[in-house]
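First the structure, in the form of structure tokens, and then the observations on it.
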Amino acid sequence: MANSDFFEKVYAIVARIPEGKVTSYGAIAKAIGSAKSSRTVGYAMNACVKLDRDLPAHRVVNRNGVLTGKHHFPGQDTMRKLLEEEGLNIENDQIKNFKFYFWEPPINQ
DNA sequence: GACTTGACAATCC
DNA sequence: AGGATTGCCAAGT
């Protein structure tokens, strides 16, 4: 408990997101065990940037597949660019075929 | 130390 | 169908 277990779990899952795949805050929260703490997941992402973590936060979007947090990246189009580089198609800040690219985090960890 | 905010999501009118 | 409310957890004010 040096750091909140919540954050650690979030980071552990985000770090395991395969390249070219995406997941949602809610899915991560659910995998952790607190499906309703999706807000905190987002907060963890914001914190992860400040902590200089090497997490693919750009692979985490809201449940609609919308790049809600793109504004938090260094450059408003950084998130979209990163995702496109991984083979995803973004339209109007929303991931196309989101369902197809969706990656379900490991529930038991 | 209490209140507000925040990269969300599910539920209730 | 869509706006409003609640839940959850951490950090900032």
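Computed from a prediction, not measured in an experiment: that's the story for all the values here.
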Check against salt bridge (Lys or Arg N to Asp or Glu O under 4.0 Å), A:D93 and A:K70
CA-CA 8 Å; A:D93 295 340; A:K70 74 164 191 176; 3.0 Å; yes

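- How far CG of A:N46 is from CG of A:L51: 9.5 Å, rounded to the nearest 0.5 Å.
- The distance between atom CZ of A:F102 and atom P of B:dC8, rounded to the nearest whole Å, is 15 Å.
- Residue contacts for A:V49: at a heavy-atom cut-off of 4.0 Å it reaches a base atom on one of the strands shown.
- Ring geometry for A:F73 versus A:H58: interplanar angle over 60°, hence perpendicular rather than tilted (30 to 60°).
- Between A:N62 atom CG and B:dA10 atom P there is a gap of 11 Å when expressed in whole angstrom units.
- B:dA7 atom C1' lies 13 Å from atom CD1 of A:I17, rounded to whole Å.
- No side-chain heavy atom of A:I17 sits less than 4.5 Å from a side-chain heavy atom of A:V22.
- Using a 4.0 Å cutoff to heavy atoms of chain A, the contacted part of DNA chain C runs 5' to 3' from C:dG7 to C:dA11.
- Rounded to a whole Å, the OH atom of A:Y25 is 8 Å from the C1' atom of B:dC8.
- A:N46 comes within 4.0 angstrom of a base, heavy atoms only.
- Between C:dG3 and B:dA7, the two C1' atoms lie 22 Å apart (nearest whole Å).
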Can you check salt bridge (Lys or Arg N to Asp or Glu O under 4.0 Å) on A:E86 and A:R59, steps first, answer last?
CA-CA 10 Å; A:E86 296 190 359; A:R59 294 179 190 148; 2.7 Å; yes

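- Contact between A:G20 and A:Y101 at its shortest, heavy atoms only, is O-CD2, 3.4 Å.
- Out of B:dG6, B:dA9, B:dA7, the shortest distance to the side chain of A:S24 is found at B:dA9.
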Worked check of side chain to side chain contact (heavy atoms under 4.5 Å, CB included) between A:K81 and A:I90:
CA-CA 9 Å; A:K81 217 173 188 176; A:I90 315 295; over 6 Å; no

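- At the heavy-atom level, A:R39 lies under 4.0 Å from base atoms of the strands shown.
- When rounded to the nearest whole Å, the span between CG of A:N64 and C1' of B:dA10 equals 12 Å.
- As rounded to whole Å, 7 Å separates atom C1' of B:dG6 from atom OH of A:Y43.
- Across the protein-nucleic acid pair, A:K30 atom NZ and B:dA9 atom C1' stand 11 Å apart, rounded to whole Å.
- Rounded to whole Å, atom C1' of B:dG6 lies 15 Å from atom NE2 of A:H71.
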